[in-house]
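Presented below is the structure to which this report refers.
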Amino acid sequence: MNDRLDLYNRKRRFDDTPEPAGTRARRKPAGRKTTRQAAGEALSYVIQEHDARRLHYDFRLELNGTLLSWAVPKGPSLDPSVKRLAVHVEDHPVEYGSFEGEIPPGNYGAGSVIVWDRGTWEPVGGAAEAARSYAAGKLKFHLHGEKLHGGWTLVRSHMRGSGDKEQWLLIKERDDEARDESDYDILKKRPGSVLSGSASVAKGEKTTTAASKTARKTAASDAKSTAKRGGKSSAKAASSTRADPRRPDIVATRNTQSLRELAATPSIEGAVKARLPTTFKPQLATLVDAAPPGDEWSYEIKFDGYRVLARIDRDAKGSAVKVFTRAGNDWTAKFSKQVKAFEQLGIESAWLDGEAVVLDPNGVPNFQALQNAFDANRPQDIIVYLFDIPFLNGYDLRGVPLEQRRAILHALMEDVDDSVLRFSNNFDFSAEDLLRSACDMALEGIIGKRRDSGYLSGRSSTWIKLKCRRRQEFVIGGYSEPSGSRAAFGALLLGVYDSKGNLNYAGRVGTGFDAALLRSVKKELDAHATKRMPFAAVPRERSRTPVHWVEPVLVAECNFAEWTSDGIVRQASFVSLRNDKPARQIVKETPRQGADVQQQTDSISDDAPKKRAARKTSGSNVAAAGKTTAAKPKTAKSPTTAPPAEVAGVRISHPDRVIDKSSGARKIDLVQYYESVAEWMLPHLKDRPVSLVRAPEDIGGELFFQKHSQKLSIPNVTQHPGLDPGHPPLITVDTIKALVGAAQMGTVEFHTWNAVASNIEKPDRAVFDLDPDAALGWERMIEAAQLTRSLLEELGLTSFCKTSGGKGLHVVVPLAKQAGWDEVKDFSQAVAQHMAATLPKYFSAKMGAQNRKQKIFVDYLRNNRGSSTVAAFSARARPGLGVSVPLAWDEVAGTTGGDQWTIENLHERLAELKSDPWADYAKTRQRITAAMKKRLNDAQ
DNA sequence: GCCCGCA
DNA sequence: TGCGGGCAACGCGAT
DNA sequence: ATCGCG
Ligand SMILES: [Mn+2]
Ligand SMILES: [Mn+2]
């Protein structure tokens, strides 16, 4: 039986998509040949470019009446040295090979499909042999397509892809058709469809695939062509049509040349002679949910990037150009390429305002890519879009209308190197149209600015931002009980079906309802109440209130900010119940990717990457006099603590709340524990960025991980803006007040980075986190720690041991702040791998439970930049509230478990200690040497 | 635990 | 006023 | 290509 097409047919709804329905592979209309090869006909070959969730190329070869298919994420390469991953996917009907068009949202594989190449293929050894080769996992063949020719190999790798997908590799054979990837990228050189007129290649027109896919519908692209047609400068065009007639506009009427002359001494109306300030605060946009009426606004695309201010001053001693973040951090060093371009603007002095972005392969600004570019120190990948010029050549232009400032800026940028510096255009469309286009293109939103406004530092209403919200239907699978005075229910539990028919949990929505809606929705919920949990897997969240299930038949339309990578919606807001669509058809809709923003718009701005907390370094240094200074060990529980209490000068709310049911420990006990160990603990926290595990209710309830300062919520912690680009400041806990303050805020665990804030790129320690298979006895852990120590010692490194407070031990290696993150990480990986290689019965260097059966996982991954490990003396949010405790090596053998000490009993140990078991830690001066690396290398 | 957005 | 949601992100390894 | 884990 040939059932290979069943899956394909099941995944699609044929009444709803323009794709061909598969006829049975072998059952054909009368008169048609049984199979092509039987008749000696050539076998067809096709590559379809499929712009689905992920852009990929479907590589298909006809054999035995169907199309064998692989998804090749990166497409084919003519370079024999380049292997391209090809994920084996289900067979497709032969007819599908000529399909080109849109697969509507909601259908499997939604997105656009074009036939990128087609022709015939010829298996080496003939068709009969091909079936065997295919089964054996190695196909050699020749292609006769319009784009691809010559010999190719598809080989099944030993690797396995996700699901039950086989991983194959697509490789060009060495022959006359082969080309070096670096000198000929066929995907770039021959984009587009080989069918019909959309083959831009035919005309030799250079078009990116993303642009060709989306250009047709975006207002932005129209904007560009309009601007292009209208003249050299769209900014100029804009101002000439929009200038306020009451104010004679000396800028609007000028051409570029004339504007540049004007720029040399911009003493125009509104400009004031002024010295160039040394610091400058940017103007920020206010979030609004609807565009204001009227045409006084011009719009720009909101970039998902990082706000930068450039200061140019040729009179300055030192370098003329400096680049600052919004918070005023000097990031000049990260923008070496851009600095050169700034120098070439021919400006004497200025403040320039813009946004740094990295465009992803689709031409969409991508914040993650930007971070990567910073991390990898690749300034050449970064493009700075400039949109304003508040100071120029001795004049303060903040009083000059926006349009005129921008016209001058644009003129100045006429000849700039646009690979690193660009002018960000504006669009004179209706905000609605532009926003829709922007959202279509998976951009974040748009920025509106009053045409006639001056430049106002800080948050203001003359700049606004309109954000894209996603919107789609969800299946309601349950609801949580209301709390307080809320009626009916708290939130709806949402789900979407996947292609296999599983209803996957997709988060919850608890807002957007008014009282009437709550009531009417509840009525529906009650009508469909069930004991049966409808999701494929129980949602793994911990709900604040109990949940109830309903049959998965109700459909809720919601809007939301975005999907998380876990398939959960963020910031969902209820819109309405829908009964026009069967629940079974509700699937995750993915926004269309693509749209080369750079080509289509040249546009830009935004106020800042992500929300960033307001600046504040709180007065943690104001030492509270007397009683609360040094930790006076207050070990025992306070017998009766009348709420609210005060500890170390910090008010403690709900002191008597039980936070650990298993031990009965109360919030005040944890707070007092931290107060009592502050003296011991603070040296481990000081100046070290910290992530917090917080449990505001109790450790059995909702836990969350906090890496950045949340607005100003935790009192007394120190904030470090700029260390983690694009995020609110990182936090350090440097004082007892901060420590207790954090505990007051529900912090249970403190996890520290392997570097200090003052030298964030140079880790000062490496950590080996020994994680045991649950089945192993503690002796094995002791032995493992000692073996780890021996190896390190052998290499010449002194190490220190502490309990984890949970199940294992940590071995910590102090290092001089010398090597970078990568080097330390690579070294620690080498150590872990060496251990796994020499004692494979004892150690594994691979994470994952199945790699650790009867073994101990040497977790070196804690040594990544931004990773953290639970700090010494931190409690753990687990039953019993274990504590991570530093040990002398000669004590290790006598330990009984990773959670041997708890917030309850640690004081006993501390009271008995004669000296700090880690007394030598601070004195240890050592670094990773080439010799050490070599020994590890040679050994393995 | 607290800030924010929404009713 | 009171409620609910957010409060990390990234590498690794499996399938 | 995507999921789950830590
Ligand atoms: Mn596909
Ligand atoms: Mn561990």
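Letters A, B, ... mirror the listed sequences (proteins, then strands); counts begin at 1. In this text, all values refer to a predicted model and were calculated from it rather than measured experimentally.
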Using atom [atom1] of [X] as one end and atom [atom2] of [N] as the other, report the distance to the nearest whole Å.
X	N	atom1	atom2	value
A:Glu697	B:dC2	CD	P	12 Å
A:His708	C:dC10	NE2	P	10 Å
A:Asp724	C:dA9	CG	P	8 Å
A:Trp70	D:dT2	CH2	C1'	20 Å
A:Met745	C:dG6	CE	C1'	13 Å
A:Leu861	C:dA9	CG	C1'	13 Å
A:Met847	C:dA14	CE	P	9 Å
A:Trp563	D:dC3	CH2	P	11 Å

Give [X] one of three labels, base, sugar-phosphate or nothing, depending on what nucleic acid heavy atoms sit under 4.0 Å from its own.
X	result
A:Ser480	nothing
A:Ala537	nothing
A:Gly512	sugar-phosphate
A:Gly848	nothing
A:Val569	sugar-phosphate
A:Lys667	sugar-phosphate
A:Arg852	nothing

[X] side-chain N/O to [N] phosphate OP1/OP2 under 4.0 Å:
X	N	result
A:Ser573	B:dG5	no
A:Arg865	C:dC10	no
A:Ser867	C:dC10	no
A:Arg544	C:dG4	no
A:Asn851	C:dA14	yes
A:His727	C:dA9	yes

Look at the side chain of [X] and the backbone N and O of [Y], then say whether any donor-acceptor pair between them is shorter than 3.5 Å.
X	Y	value
A:Trp116	A:Asp58	no
A:Ser874	A:Phe750	yes
A:Ser69	A:Leu67	yes

Query raised in the report: Using the P atom in both, what is the distance from B:dC4 to C:dA8, to the nearest Å?
Result: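 14 Å, rounded to whole Å.
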Sticking with atom C1', work out how far D:dC3 lies from C:dA9, rounded to a whole angstrom.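 Each nucleotide's C1' atom is 16 Å from the other's.
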Kindly point out which of [options] is positioned nearest to the side chain of [X]?
X	options	answer
A:Ser485	C:dC7, B:dG1, C:dG2	C:dG2
A:Glu702	C:dC3, C:dC12, C:dC7	C:dC7
A:Thr511	B:dC6, C:dA8, C:dG5	B:dC6
A:Asp514	B:dG1, B:dA7, C:dA8	B:dA7
A:Lys825	C:dC7, C:dG5, C:dC12	C:dC12
A:Gln744	C:dG5, B:dG1, B:dA7	B:dG1

Quiz item: With under 30° as parallel and over 60° as perpendicular, where do the rings of A:Phe560 and A:Phe474 fit, or are they tilted in between?
Solution: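 Plane angle over 60°, so perpendicular.
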>> Looking only at the aromatic ring of each residue, does the gap between the centers of A:Phe857 and A:Phe843 stay below 6.0 angstrom?
In response: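 Aromatic pair excluded; centres sit 6.0 Å or further apart.
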Legend entry - Centroid-centroid under 6.0 Å between A:Phe489 and A:His548 rings: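 Not close enough - the centres of the two rings lie 6.0 Å or further apart.
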### Query
Below 3.5 Å, does any donor atom in the side chain of A:Arg694 face an acceptor in the base of B:dG1, or the other way round?
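Answer is yes: a donor-acceptor pair is held.
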- Message: Among A:Leu494, A:Thr511, A:Leu492, which residue satisfies the side chain to side chain contact (heavy atoms under 4.5 Å, CB included) criterion with A:Cys558?
- Response: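 Among A:Leu494, A:Thr511, A:Leu492, the one that satisfies the side chain to side chain contact (heavy atoms under 4.5 Å, CB included) with A:Cys558 is A:Leu494.
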